[in-house]
Amino acid sequence: MEHELLRNLRKKVATEKYPFIKKKPPEGLRGKLIIDMAKCIGCGLCVFDCPAGAIEMIGKGTAADLKVYLDRCHFCGQCAESCPSKCIVYSTEFELANFDKKNLTIEFKRKL
Amino acid sequence: MVPAEIIEFLSVLIYPGFIFIFTLAFFYEWVDRKFVARLQNRYGPLYAGPGGILQPFADFIKLLAKEDITPRAADKTTFRVTPILMLALALSTLFFIPTAYTTAVSWFEGDLIFVTFLVSILVLITLIAAWSSTSTFSTVGGIRVVLQMLGFEIPMTIVMVGPAIVSKTLSITNIALWQYTTGHYFAIYQPIGLIVLIICLLAEIKKAPFDIPEAESELAAGWITEFSGRKLALIRLTTDVELILAGALVTALFLGGPTGPFGIPSVIFFLIKTTGVILVISNLRALFARFRIDQMLGGFWKYLVPLALLQIILVTLGVG
Amino acid sequence: MVETKESKTGLLERLRNSIPQEWILSLKAPEPRRIFLSVKREHFKEAMTKMLKDEEITHLSTITGVDLGEEIEVIYHLDKSGTILSVKTTTPKSQPTLPTVTDLIPGAPLYEREVHELLGVAFDGHPDLSRLVLPEGWPPGLYPLRREISIENIRSALEKAKEEKKVG
Amino acid sequence: MDEERVIIPIGPQHPALKEPMNFMLKVEGEKVLEAIPNLGYNHRGIEKAATVRTYIQNLYLAERICGICSIAHVQCYAQGVEKLLEMEIPPRAQYVRLILSELNRLHSHLLWVGVAAHEIGFDTLFMYLWRDREIVMDTLELITGNRVSYGFTMLGGVRRDISPDMAARVKKEMKTVRDRTQYYKKMSSNERSILKRTQGVGILKPQDALALCACGPTLRASNIKWDVRREDPYLAYNEIPFNVVTSDGCDVLSRMIVHYDEVIEATNIIEYALDHMPSGSFREKVTRRIPAGEVVSRVEAPRGEDIHYIKSNGTDKPERFKVRAPTLGNIPAVCKMLSDSYIADVPIILAGIDPCFSCTDRVTFVKGEMGKGWIWTQEELRRYANRWYQQR
Amino acid sequence: MNVVKWARSKSPWIIHFNTGSCNGCDIEVVAALTPKFDLERFGVLLKGSPRHADVIVVTGPVTNQVKERLKRVYEQMPSPKFVMAIGTCACSGGVFKDCYNLCQGVDKVIPVDIYVPGCAASPEAIIDGAAKLLKKISG
Ligand code: SF4
Ligand code: SF4
Ligand code: SF4
Ligand code: SF4
Ligand code: SF4
Ligand code: SF4
Ligand code: SF4
Ligand code: SF4
């Protein structure tokens with residue numbers, strides 16, 4: 001064991017200097033989600049399947065806006081799976097810490 | 001000319017008095033934490049000052065500025081007084097061990113015995129402090145402190161006598177000086193004594209693998225569980241001063257104290273030697289799993305006491 | 001009534017021979033290594049004792065309680081060399097009681113307490129059916145896994161219990 | 001209760017237990033006379049909630065029964081639902097799931113040994129183990145995109161495939177993990193201060209282990225060769241050669257050794273599976289409505305047998321979803337180990353069953369008096385219970 | 001006064017409290033302390049006693065059973081004290097939204113200073129949250 005200690009003393013430190021040096025997030029990391037409202041057909045399947053009730057639909061059908069509560073979202077990816085028009089994608093943005101819960105709600109509005 | 005009283009006063013206050021010791025205490029805590037972190041393949045404190053060197057200082061200031069809660073059930077006076085008393089005791093013990101100069105701030109023939117006595121008192125005050133907070137964790141922790149003392153006190157006292165016998169003095173300062181003048185360093189002549197002393201001191205300052213009284217995984221924080229704010233700051237400072245105490249004691253008794261050749265200021269030698277001792281202590285801390293109190297007691301009586309006695313026998317036979 | 005897909009251990013065959021027909025409501029093996037045996041409540045303890053002894057079964061995986069509406073079904077999932085033998089029996093919901101199996105299986109008390117707490121089945125002879133998973137101050141007689149209890153019911157009952165505590 | 005005895009509350013925010021749970025220890029000196037655990041702190045009511053959600057939503061709920069063996073729970077659930085559908089998932093999906101399960105076991109076991117090291121005050125070993133565990137976490141992140149809750153297992157298959165690039169990297173990492181584990185195993189079985197704290201501590205005799213229905217590594221460390229992967233094979237476990245590791249020490253040290261050996265075994269399984277992966281699709285479409293029926297499904301989670309019971313009534317929501325997670329199965333066993341131990345051994349004994357109370361959250365009490373071993377007979381239990389209530 | 005602020009932001013001692021989480025966030029909090037991420041860089045020490053802690057790190061959706069304990073631990077901490085809600089569960093209850101035995105998020109029980117969503121909040125996300133909080137403390 002002493003041998004191992006001394007070996008580690010000589011070795012480079014295993015620590016990554018996050019947040020000062022950031023490494024590239026892995027492909028497929030599910031961070032904050034982004035909805036492309038241009039493609040959304042307002043079918044509501046994402047709302048229906050979300051296990052955490054993190055998506056809310058305001059309005060109906062093709063005119064509906066979507067609201068995502070990041071403080072409820074578990075980043076499970078089911079909404080992207082369910083969406084028939086594949087308009088939900090995940091960014092790799094995971095540094096979402098916030099002092100105020102309100103800032104964790106994002107709205108996706110249709111451009112008129 | 002500055003009057004002698006003022007020099008005396010300054011020496012108590014600044015160098016080699018309080019300020020010097022406190023700075024040193026923080027420095028050694030940093031050395032300890034940093035070295036252990038490094039052994040564990042990580043950085044340890046990094047952003048408080050260069051390389052995190054101000055970390056212990058930041059901890060101290062933060063604790064001073066925090067709310068200081070006295071639990072309702074606690075014995076208020078004792079609870080309040082004991083941390084101060086402990087720090088005072090640790091500091092005054094240090095005054096009998098040579099640090100910055102080749103002689104201690106205060107010394108007399110027999111201070112070796114006095115120092116062991118002070119160390120025991122320190123332990124007893126810990127028990128009182130633990131008792132006064134009346135929480136069960138503290139109480140069990142406090143009892144463990146005393147049990148632990150039963151383990152380390154005897155072998156520690158015995159090995160400390162070793163150097164005294166050879167150098168024919170009971171003063172720590174003189175023992176250190178004797179080694180320097182004769183060139184007989186006890187680290188070489190009484191290695192068993194050195195090892196036993198370091199192990200005992202490890203138990204005295206309650207560092208792993210003998211951090212049984214503070215065992216985090218079974219007793220929250222042991223006897224210090226209920227202390228917060230300023231009191232906790234003082235307790236932590238005491239712990240750090242004890243770390244110096246351990247380093248200084250080993251240095252004085254076995255490494256010739258703050259002495260060395262070439263007319264370089266003695267404090268440099270002191271720093272080098274104690275840092276060495278502290279690195280050894282940190283290394284041991286990282287090397288072992290915590291012992292159980294019964295294993296610790298059993299081990300000390302089964303191995304360390306005989307070893308200490310063996311050392312003394314060797315010394316009296318003239319081998320040391 | 002009896003299907004055979006279970007093979008390896010021949011457990012199904014042996015059960016069919018060793019347990020009297022009149023105790024059994026159904027016995028089937030819908031897939032390999034799964035046997036469902038439904039026994040009448042009156043003969044449940046006897047059947048259990050006999051099976052455990054004959055087959056030298058020691059492992060009880062868990063006990064499931066299911067609210068069937070009029071009755072509560074209790075399922076004991078036993079393991080015999082990799083085959084899960086699920087022994088079912090029912091008890092009327094109006095007064096659900098069953099004999100305990102803690103005397104046969106030392107590992108069973110927890111599972112019985114859980115069923116007791118979540119569905120209100122009393123186990124005769126169980127040493128201690130006190131609170132297990134639900135918080136202190138849970139309204140007595142509120143069994144969360146019963147069908148008629150919805151999540152809203154539970155929430156409002158909890159609110160009420162809290163208020164009563166405050167007043168009292 | 002006897003006033004002279006000190007009572008130490010352990011948990012739920014106690015550092016020894018990363019999970020919310022509460023133990024009252026009745027102690028005399030340094031000896032534990034009795035431990036009264038209370039596990040209800042984590043009861044979330046998942047079983048009820050599952051009945052008002054669709055099968056798809058429950059997939060994620062099952063994953064979140066526990067974050068450490070998330071793969072095990074979700075596998076157990078998905079496997080059950082697929083049986084109700086009477087479908088076989090594609091062979092490639094089976095292999096991918098199997099690899100994931102084993103990676104899950106790897107990280108969970110390394111995690112546990114690390115925690116055990118921490119409990120005996122050996123933080124350096126804890127740091128090393130967790131450092132090397134990050135290798136496994138990185139591979140998991142590589143394959144699934146996330147570190148803990150993977151959202152990877154879907155009804156009918158898996159979400160993504162393992163590409164040859166990934167496979168090559170995983171294989172490389174497995175070698176490192178195996179080498180490191182072999183080193184730690186050697187070190188742990190030689191290091192005196194570890195032996196002192198683990199050898200002969202928390203004894204669970206084979207007959208007790210069987211009688212108290214223990215499972216997983218706890219059972220195997222009591223020298224009982226029983227593993228769901230072998231007894232009741234699922235996925236492709238019957239196509240892959242592997243050993244069921246046992247150890248006959250019946251103490252915490254054996255549990256440690258079993259964990260190390262299972263890590264080594266798991267790396268072999270992963271390598272073998274990567275080499276023998278069938279080609280083809282990795283996912284099939286599944287209907288939302290599940291045919292009526294009932295199914296008992298079980299898997300070998302890192303901590304032992306995990307068993308789910310699902311009853312469907314033909315709609316898109318289950319009628320009953322029952323979970324028995326491995327830790328619950330081991331609680332009677334840990335109670336047995338705890339009585340008549342030292343306070344200092346409590347954390348390591350508790351940790352010894354690799355507890356995770358988030359899926360367990362149930363309560364029990366232990367009894368045991370100093371100087372006497374105890375047998376869990378019904379008579380004794382009853383006597384104990386009566387006394388307890390009289391004294392209150 | 002500035003020295004005090006500086007000291008506070010350099011020495012956040014944490015106590016970890018699991019309020020019924022799935023353990024996912026807990027292991028990530030622990031992972032954040034280990035060599036790869038090493039929160040001690042920031043002066044973070046994990047403490048066993050609430051009396052010693054400055055920041056309480058809460059994971060999990062707060063079960064009814066644990067509610068009172070959480071309040072008590074919070075009260076035992078000497079001020080100034082801060083609360084970090086780690087993981088989506090601690091932020092809002094998330095996937096356990098209709099489980100009957102929960103009070104849906106830490107902020108229903110004690111005031112939360114910073115929310116760190118994620119399932120599980122990865123060690124990086126936790127460090128990010130901690131860094132943001134420390135920045136706020138130092139003013
Ligand atoms: S299309 Fe599918 S999701 Fe939509 S209502 Fe029909 S069954 Fe439900
Ligand atoms: S990722 Fe999962 S939890 Fe988040 S919005 Fe989509 S479905 Fe809901
Ligand atoms: S599932 Fe896709 S298309 Fe349908 S509402 Fe959601 S985002 Fe729009
Ligand atoms: S450690 Fe925590 S739970 Fe235990 S007594 Fe102290 S404050 Fe209470
Ligand atoms: S014990 Fe656990 S799995 Fe069972 S209902 Fe409660 S939370 Fe769900
Ligand atoms: S057994 Fe533990 S780690 Fe696994 S799902 Fe349950 S709580 Fe989580
Ligand atoms: S024992 Fe339960 S909670 Fe623990 S890892 Fe296994 S399944 Fe998860
Ligand atoms: S946020 Fe996710 S990982 Fe964290 S406790 Fe909740 S379910 Fe578990």
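Chain letters run A, B, ... following the sequence lines, proteins first, then strands; residues in each count from 1. Because only heavy atoms are used, hydrogens play no part in the values below, and waters and symmetry mates are left out as well, while side chains stay in.
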Winner by heavy-atom pair count (cut-off under 4.5 Å) against chain D, out of Leu60(C), Val66(C), Thr58(C):
Val66(C)

Would you mind checking if Arg324(D) and Glu114(C) are paired as a salt bridge, meaning a charged N to carboxylate O distance below 4.0 Å?
no

Is it the side chain or the backbone of Ser61(C) that comes within 4.5 Å of chain D heavy atoms, both, or neither?
both

Heavy-atom cut-off 4.5 Å, strictly under: side chain, backbone, both or neither for Asp79(C) against chain D?
side chain

Under 4.5 Å from a heavy atom of chain D, the part of His77(C) involved:
side chain

Give a yes or no on whether Glu42(C) atom CD has more than 12 heavy-atom contacts from other residues, nucleotides or ligands under 6.0 Å away.
yes

Answer with yes or no after comparing the ring centroid distance for Tyr76(C) and Tyr111(C) against a 6.0 Å cut-off, counting only values under it.
no

What part of Ile307(D) gets within 4.5 angstrom of chain C, counting heavy atoms only: side chain, backbone, both, or neither?
side chain

Side chain, backbone, both or neither of Leu68(C) within contact of chain D (heavy atoms, under 4.5 Å):
side chain

Would Ser312(D) and Tyr55(D) count as a side chain to side chain donor-acceptor pair (under 3.5 Å) here? Give the steps.
CA-CA 10 Å; Ser312(D) 166; Tyr55(D) 282 98; 3.2 Å; yes

Is the number of heavy atoms from other residues, nucleotides or ligands within 6.0 Å of CD (Glu148(C)) greater than 12?
yes

Derivation and outcome, salt bridge (Lys or Arg N to Asp or Glu O under 4.0 Å), residues Arg298(D) and Asp232(D):
CA-CA 8 Å; Arg298(D) 65 173 167 177; Asp232(D) 187 6; 3.0 Å; yes

Proximity breakdown for Ile75(C) and chain D, heavy-atom pairs closer than 4.5 Å:
side chain

